[in-house]
Amino acid sequence: MARDALVPIRSRLGRSLAVVLLGGGAAWSCSQEAPPAYPSALVTIDTDLPVPSVISRLAVDVFNAEGKWIEQRQFTFTSREEWPASFGVVMRDDTRSTDVLLRIRAFVGERDYLGERFVPRVPFVPKPVATSLAQLCKDAPVLPHRDILVQRAGDKPLFEKTCGDSGTLVLDNATGSVAAHVDIPQKGRYRFEVVTSLLASMETYAFGSSLHLAKNCLEPEATTLACSHAIATQDAHFGKVELDLDPGRYTLITASSLGGSVGNVALRWAESSQWDAVELPPAEAPVLVERGAELTMDPADGVTPTTEPSPDSAVDRLVRLHLELGNPLRPRVLLTGACAGTMAKLAVQNNRVDAAKSETCINDATKLEPAPWGATPFDVGAGAGSQRTSAGTFALDACTADDSDDDVACVPGGAFVLGSATERGLVGAPGSSPVRIVATSRFFIDRDEVTVGRYRKAFDSGLEIPEAYLPYADDRRARATFSDEPKGREDLPLNFIMWQGARKICQHFGGDLPTEAQWERAASFDPDRGKRRFPWGDEEPTCDRTVYGRADSFALCRPLVTLPFAVTSKDLEGDVSFLGIRGLAGNVSEWVLGSPRRYDDPCWRATTVIDPVCFDPNDSARSERGGAWTSLVLAVALRSETSTAYSREQLGFRCAYAERPARR
Amino acid sequence: MKKWVFAVVSLASIHVGVARADDAADEQLARTSFKEGAALVEEAEWQGALVAFERSRAAREHALTLYNIGVCQRFLGRYTLARETLRGALARGEQKPGEMSQLFVDQAKTYLKEIDAKLARFTLVVDPPNTKVAIEGRPVTASADSPNVFVAGIAESGEGKSTGLARFEVLVDPRPLVLTFSLDGHDTIEMRKDPKPGSHEEVSASMTSQPAQLRIASNVNGAVVRIDGVDVGLTPVLVSRPPGVRIVSVSSAGYVPYESKLTLPPGQLVPIDARLEVEKQPLTKKWWFWTASGVALVGVGLLTYFIVRPAPERPQPEAGGLGWLAEVK
């Protein structure tokens with residue numbers, strides 16, 4: 001009995017011991033609390049711009065609480081499925097919280113670093129071109145030592161003689177001038193140059209200007225101290241003079257013996273010994289500078305990154321994060337197309353960024369706002385919040401099959417990259433690079449260039465055009481398609497029409513000339529790939545596909561032998577865009593609504609992202625798009641220009657409409 | 001204006017009169033075409049007339065046919081070509097005295113004199129000297145007059161040719177012209193000029209090297225490509241870089257990185273097909289090693305766990321889909 005009674009007692013002791021051990025262990029274990037999470041965030045980035053046709057890269061810069069730049073990372077994206085993208089930020093310190101500033105840029109492609117800094121958006125005010133020597137001299141600015149000044153020259157000569165290769169004034173000056181005063185501080189040797197000059201007219205691309213250094217601006221011939229014409233650099237003649245001077249005020253004036261030209265001319269001067277001295281960006285500029293493995297923001301270190309996103313083709317966003325111990329953030333940031341081209345404004349002082357004073361575009365390019373705080377839950381930017389990407393939704397406005405008819409095509413609204421970083425056109429043409437991110441609203445465009453017959457019908461039914469802008473008929477220009485009486489050319493595109501006349505005709509039809517962005521969108525639209533190189537795709541043009549390279553002087557294709565040298569839309573069945581628009585690549589090139597300025601010109605930077613137009617009425621030339629029967633290169637991104645004083649045999653037009661026009 | 005009409009119409013009768021040949025078909029074609037050309041000349045349809053005279057010439061060469069062709073070319077503004085053709089007509093007239101009367105010899109010389117006064121001259125300065133030059137899509141032709149004088153507009157349409165000279169003169173028609181300077185691996189330069197009759201202008205063209213293009217592919221798609229240490233995308237990728245020495249690296253997890261130092265020639269496409277070899281697995285990467293180690297570790301781990309219960313871990317920060325965790329200090 002006693003033995004039997006002992007067993008349960010031992011068993012109970014064992015169980016109690018086990019319970020005590022396990023309980024103690026558990027209590028010990030539970031008493032070990034997990035340490036709090038480090039101050040951190042998981043940042044999710046999305047965009048509403050198309051990926052990868054517009055946005056293919058992402059750059060993230062991290063600044064710490066003191067505003068010190070810590071690191072930049074860049075990422076490449078090849079498909080929409082890779083968005084939204086996310087990354088982490090952490091401070092491995094469990095004794096304090098901290099603030100972080102992120103600069104997040106989604107962009108098209110990088111380019112050489114140009115020390116870019118924030119430039120406020122300013123309305124574009126066209127500068128008048130001087131029409132008299134007195135006006136030129138009165139308005140001439142003072143050009144500071146080693147600065148570069150770009151001014152626009154008109155097409156009317158303001159004085160008579162300029163120099164040839166010999167430096168003596170033997171050539172007739174045939175074009176407009178730009179001028180700048182220079183104040184020479186001390187006796188010494190000085191150098192003066194035309195840095196760049198692109199003058200364009202109907203038939204001549206005149207790459208260059210001669211340069212006069214005159215004592216009296218109002219007497220550029222009589223008081224010329226030195227004049228230079230033929231300094232061959234690459235493809236241009238840029239005036240360059242170097243001489244010993246006494247202190248005093250002098251004037252630089254340009255000229256050219258090639259007539260009828262208009263364009264931009266850039267001037268620079270410096271003391272000869274300082275011409276090539278390296279100039280660092282000013283200290284207040286937000287410059288990233290690399291010194292060995294350590295990256296600082298000190299421009300005095302003298303080494304800068306080789307490439308940076310171009311501000312014109314990037315969405316540039318600032319976000320502040322307050323990282324707290326034990327409370328990881330999960331902010332989500334939408335980089336919207338509405339902010340494309342608007343650079344963030346970093347407030348930099350003593351090589352540190354003051355996040356509180358820094359500003360960024362959030363969803364309205366016309367205003368900068370203080371860099372917002374990202375928190376949990378927090379969505380920075382309109383439309384954010386979904387776990388699915390918004391890529392490709394910016395300005396999206398689709399067309400239905402019923403929107404188009406035999407005469408006009410509906411072009412869907414959406415964002416795309418205007419221009420091309422790789423296409424090379426005629427040297428000196430307005431250029432398709434650097435590129436811009438733009439969008440067009442939904443619009444309509446003629447499937448064919450405006451024909452002689454369509455113009456005649458409009459003219460007979462009341463179209464009014466000032467006489468000076470009427471198209472030439474074949475009795476005045478042998479290759480004109482128009483004739484006073486129909487001569488079987490009614491289906492040919494109307495040529496020998498000046499820009500003003502072409503625009504009047506489009507306005508009569510209820511539309512206007514397409515803008516550069518509309519023209520490029522219509523010509524390159526591809527729903528799958530975003531953008532095509534040629535209207536029909538990426539394959540190089542052939543003689544069978546389109547009408548190009550057919551001037552009798554070029555051997556590329558069989559020359560056209562029947563005047564006038566243009567064809568009807570029936571002969572352009574291969575030259576068709578995705579939307580069924582014909583003759584965009586070849587046949588005749590087309591007037592568009594816009595000035596032939598680079599896409600990073602102030603005129604472009606003042607435009608809106610959606611439906612941008614750079615149009616300077618003071619320009620004596622207008623942009624021209626698409627190739628002609630004479631052209632050798634046809635990519636849709638290429639641009640050229642023609643003076644408004646001219647009409648040409650290989651230049652026609654088509655019209656665009658905001659609303660669908662009545663059926664013809 | 002009337003003078004040329006007279007000359008060409010007269011030629012038609014002379015030509016028909018003298019051209020009695022055995023080869024009747026050719027002769028017939030030559031005569032018909034000649035008549036057709038003469039009729040078109042009367043209507044000042046110079047282009048059509050030129051085509052007809054060329055057809056006549058192809059069937060049967062004759063000094064007066066050459067003369068007529070030269071006159072048509074002159075009225076079409078193709079002065080350099082007209083000059084060449086009229087010189088050819090005079091040369092043939094001298095060889096075959098019966099073919100061209102003194103009237104037309106004198107007229108041809110008058111035209112030549114007039115043409116010489118109208119031709120414009122370019123002094124072309126090209127760098128490098130082997131730059132190919134074409135004017136209006138035709139190479140320039142050496143002139144018999146001087147070794148450094150060339151003539152534009154005579155040669156058949158085609159690619160430009162190098163004269164081998166850094167500085168030379170070219171005779172051109174006084175009309176809007178496109179000058180094309182090209183050289184392999186360099187940007188082609190096109191210039192538009194509108195030389196006036198009798199003018200002389202110096203034109204310089206200095207060629208710039210084109211960037212090279214690199215097409216980088218690898219047997220492992222999606223490998224990261226870096227050029228000179230800069231991330232340029234994922235394979236396959238096409239990038240442009242200035243000519244010169246570049247270091248290309250291609251890497252992908254689990255493969256031995258590929259690296260190559262190469263000299264990029266200007267304007268050329270350099271294809272690189274990086275073969276990424278699978279990284280050889282050391283002992284520590286053999287599956288059985290870790291299986292065995294795992295089993296042992298689990299055993300030791302379990303034992304240790306029961307001896308020393310692990311302290312709870314701090315939550316790890318997330319690196320997101322981009323796999324990047326920025327460390328702030």
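Here is how names work: the chains are called A, B, and so on, in the same order as the sequence lines, proteins then strands, and each is numbered from 1. All values below come from the heavy atoms of this structure, side chains included, with hydrogens, waters and symmetry mates left out.
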Notebook entry, point to check: Among I45(A), T76(A), T78(A), V90(A), which has the most heavy-atom pairs under 4.5 Å with chain B?
Noted result: V90(A)
Notebook entry, point to check: Counting only heavy atoms not in D184(B), do more than 12 sit closer than 6.0 Å to its CG atom?
Noted result: no
Check: When you look at CZ of R121(B), are more than 12 heavy atoms from neighbouring residues, nucleotides or ligands closer to it than 6.0 Å?
Finding: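 Counting neighbours around CZ of R121(B), 12 or fewer heavy atoms of other residues, nucleotides or ligands fall under 6.0 Å, so no.
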Next item on the list: Without swapping roles, check the side chain of R314(B) against the backbone of P36(A) for a donor-acceptor pair under 3.5 Å.
Entry: yes
Next item on the list: Using atom types as modelled and distance alone, determine if a side-chain donor or acceptor of S40(A) lies under 3.5 Å from a backbone N or O of P317(B).
Entry: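 Side chain of S40(A) to backbone of P317(B), a donor-acceptor pair under 3.5 Å: no, none is there.
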Check: Does any heavy atom of chain A fall under 4.5 Å from the side chain of Q316(B), the backbone, both, or neither of them?
Finding: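 The side chain, not the backbone.
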Checklist line | Under 4.5 Å from a heavy atom of chain A, the part of E318(B) involved | finding: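 Both backbone and side chain.
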Note to self: Are the side chains of M91(A) and E327(B) in contact, using a 4.5 Å heavy-atom criterion?
What the structure shows: no
Checklist line | Heavy-atom check, side chain of L322(B) versus side chain of L58(A), under 4.5 Å | finding: yes
Notebook entry, point to check: Using 4.0 Å as the upper bound for N to carboxylate O, is an ion pair formed by D93(A) and K329(B)?
Noted result: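 Salt bridge: no.
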Looking at [X] and [Y], what are the two nearest heavy atoms and their distance?
| X | Y | value |
| --- | --- | --- |
| G320(B) | S86(A) | CA-OG, 3.3 Å |
| F87(A) | W324(B) | CB-O, 3.5 Å |
| V62(A) | A326(B) | CG2-CB, 3.9 Å |

Next item on the list: Just do the side-chain contact (heavy atoms from CB on, under 4.5 Å) check on V328(B) and R92(A) with the steps written out, would you?
Entry: CA-CA 8 Å; V328(B) 184; R92(A) 295 187 192 278; over 6 Å; no
Pick one of side chain, backbone, both or neither for [X], based on which atoms fall under 4.5 Å of a heavy atom in chain B.
| X | value |
| --- | --- |
| V89(A) | both |
| V100(A) | side chain |
| N64(A) | both |
| L102(A) | neither |
| V60(A) | both |

Notebook entry, point to check: Under the side-chain hydrogen bond (donor to acceptor under 3.5 Å, both in side chains) test, which residues partner R55(B), sequence neighbours left out?
Noted result: E36(B)
Next item on the list: Show the numbers, then the answer: is there a side-chain contact (heavy atoms from CB on, under 4.5 Å) between Q74(A) and D231(B)?
Entry: CA-CA 8 Å; Q74(A) 291 202 16; D231(B) 180 355; 5.8 Å; no
